[in-house]
Amino acid sequence: MMRVQTPQSAEELLMRARALAGLSLADIAEQFELSVPRNLRREKGWQGQLIERALGASSGSLAQADFPDIGVELKTLPIDQHGLPTESTWVCIANLMPTHAERWQDSLVYEKLKRVLWLPVQDDDNIPLAERRIGSALLWQPDAQQMQRLEQDFLELTERIALGEVESISAHHGQALQLRPKAANRKVLTDARGPDGTIIKTLPRGFYLRRSFTISVIQQHLL
DNA sequence: TCCTGATCATGG
DNA sequence: CCATGATCAGGA
């Protein structure tokens with residue numbers, strides 16, 4: 001089984017990612033002797049995990065960036081026929097039992113989003129999964145305005161969690177970041193702060209980047 | 001058509 | 001069990 005060494009710098013990672021441009025998912029899967037599923041319905045993370053292997057990501061399911069030594073998070077980005085992202089982007093699990101107000105720059109959300117390697121992958125029902133191609137990778141750091149937007153959303157959402165109001169937060173909140181369920185199913189429950197200092201059981205939640213936000217990120221780099 | 005809430009597989 | 005990789009699918 002082929003194994004890719006972890007890149008030593010963001011520049012090396014970007015070069016390797018750019019070298020994948022134009023390849024199909026079947027091309028990459030073949031290098032690892034993996035078969036391509038017919039669709040992603042039962043293996044939603046398949047593409048992301050394939051690309052992690054192809055680029056030598058090391059973190060597995062640890063709660064840290066994919067390339068902790070060089071401070072880069074890897075995200076595949078499903079792209080439609082117009083070149084626009086089709087889905088929101090998973091960031092990380094949310095702590096629903098905070099013991100104190102967390103500072104933005106100490107947060108896992110910040111750690112993951114301070115530098116992201118976006119790897120576009122065709123997402124078009126008319127193209128069989130195996131034939132979908134990789135686009136040109138983009139190494140992105142939020143600009144001042146984007147960072148401010150992310151921080152404000154993060155602080156507003158986490159403050160409500162800390163106040164015991166998680167169950168009143170819907171995916172409608174937040175301009176760039178949103179809080180949504182993140183679980184195998186509706187029956188999964190975890191501890192959260194509730195009203196008046198109580199502890200309640202609720203669905204685990206995670207932070208996601210809105211589709212509209214990643215669209216603006218991609219379009220910014222087309223200019 | 002788009003978005004929110006729900007869901008699927010895997011590894012440690 | 002929890003966090004990772006995400007996409008699915010129905011309702012607005």
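Labels below follow one simple rule: chain letters A, B, ... track the order of the sequence lines, proteins then strands, and each chain is numbered from 1. Values below: all heavy atoms of this structure, side chains included; hydrogens, waters and symmetry mates excluded.
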Open item on the list: For the residue pair Gln178(A) / Arg180(A), report whether a side-chain donor-acceptor contact shorter than 3.5 Å exists.
Closed with: yes
Open item on the list: Looking at Gln220(A), I'd like to know if its CD atom is crowded, meaning that more than 12 non-hydrogen atoms belonging to other residues, nucleotides or ligands lie closer than 6.0 Å.
Closed with: yes
TODO: Rounded to the nearest angstrom, tell me the gap between atom OH in Tyr208(A) and atom P in dT4(B).
DONE: 12 Å
Open item on the list: What's Leu203(A) touching, base or sugar-phosphate or nothing? Going by heavy atoms closer than 4.0 Å.
Closed with: sugar-phosphate
Task: Members of residues 113-122 of chain A that approach DNA chain C, where some heavy atom sits under 4.0 Å away - done: none
- [ ] Give one of base, sugar-phosphate or nothing for Ala184(A), where a contact means two heavy atoms less than 4.0 Å apart.
- [x] base
TODO: Take Leu138(A) and Leu77(A) through the side chain to side chain contact (heavy atoms under 4.5 Å, CB included) test and state the conclusion after the steps.
DONE: CA-CA 10 Å; Leu138(A) 173 69; Leu77(A) 192 59; over 6 Å; no
Open item on the list: Distance check needed: dC8(B) C1' versus Lys187(A) NZ, whole Å only.
Closed with: 14 Å
Open item on the list: When you group the ILVMFWY residues by side-chain heavy-atom contacts below 4.5 Å and let the links chain together, are Ile169(A) and Trp104(A) in the same group?
Closed with: yes
TODO: Please report, rounded to the nearest Å, how far the P atom of dC8(B) is from the CG atom of Leu40(A).
DONE: 15 Å
Open item on the list: If the cut-off is 4.0 Å, is Arg210(A) near the phosphate of dC3(B), judged by side-chain N/O to OP1 or OP2?
Closed with: no
TODO: Using a strict cut-off of less than 4.0 Å between a Lys/Arg side-chain nitrogen and an Asp/Glu carboxylate oxygen, indicate whether Asp124(A) and Arg132(A) qualify as a salt bridge.
DONE: no
Task: Joint hydrophobic cluster, Leu23(A) plus Leu129(A), side-chain heavy atoms closer than 4.5 Å - done: yes
Open item on the list: Just to verify, what does Ser61(A) make a side-chain contact (heavy atoms from CB on, under 4.5 Å) with, not counting sequence neighbours?
Closed with: none
TODO: Return the residues of residues 65-100 of chain A meeting this criterion: a heavy atom under 4.0 Å from some atom of DNA chain C. Order them by number, or give none.
DONE: Asp66(A), Glu73(A), Lys75(A), Thr76(A), Pro78(A), Glu87(A), Ser88(A), Trp90(A), Cys92(A), Ile93(A)
- [ ] Could you state the atom-to-atom distance from NZ of Lys182(A) to C1' of dA6(B) in whole Å?
- [x] 11 Å
Open item on the list: Would you say Thr76(A) and Gln47(A) are linked by a side-chain donor-acceptor pair, where the criterion is simply a distance under 3.5 Å?
Closed with: no
Task: Side-chain cluster (under 4.5 Å, hydrophobic types only) that Leu189(A) belongs to, other residues - done: none
- [ ] Identify, between Ala183(A) and Gly60(A), the residue whose nearest nucleotide on DNA chain B lies closer to the 5' end.
- [x] Ala183(A)
Open item on the list: Checking Gln152(A) against Glu156(A): is there a side-chain donor and acceptor pair closer than 3.5 Å?
Closed with: yes
TODO: Identify the 5'-most and 3'-most nucleotides of DNA chain C with at least one atom closer than 4.0 Å to a non-hydrogen atom of chain A.
DONE: dA3(C) to dA9(C)
Task: Common cluster, Leu119(A)/Phe32(A), ILVMFWY with side-chain heavy-atom separation under 4.5 Å - done: yes
- [ ] For DNA chain B, determine which residues of residues 167-181 of chain A have any heavy atom closer than 4.0 angstrom to one of its atoms, and list them numerically.
- [x] Ser170(A), Ala171(A), His172(A), Gln178(A), Arg180(A), Pro181(A)
Task: Whether Trp140(A) and Phe213(A) hold their rings parallel, tilted or perpendicular, with breakpoints at 30° and 60° - done: perpendicular
Task: Full working for side chain to side chain contact (heavy atoms under 4.5 Å, CB included) between Asp123(A) and Ile79(A) - done: CA-CA 5 Å; Asp123(A) 178 21; Ile79(A) 296 290; 5.8 Å; no
Open item on the list: Once you apply a heavy-atom cut-off of 4.0 Å, does Gly48(A) come out as touching a base, just sugar-phosphate, or nothing?
Closed with: sugar-phosphate
- [ ] Consider only side-chain N and O atoms of Thr86(A) and Arg211(A), and report whether a donor and an acceptor are under 3.5 Å apart.
- [x] no
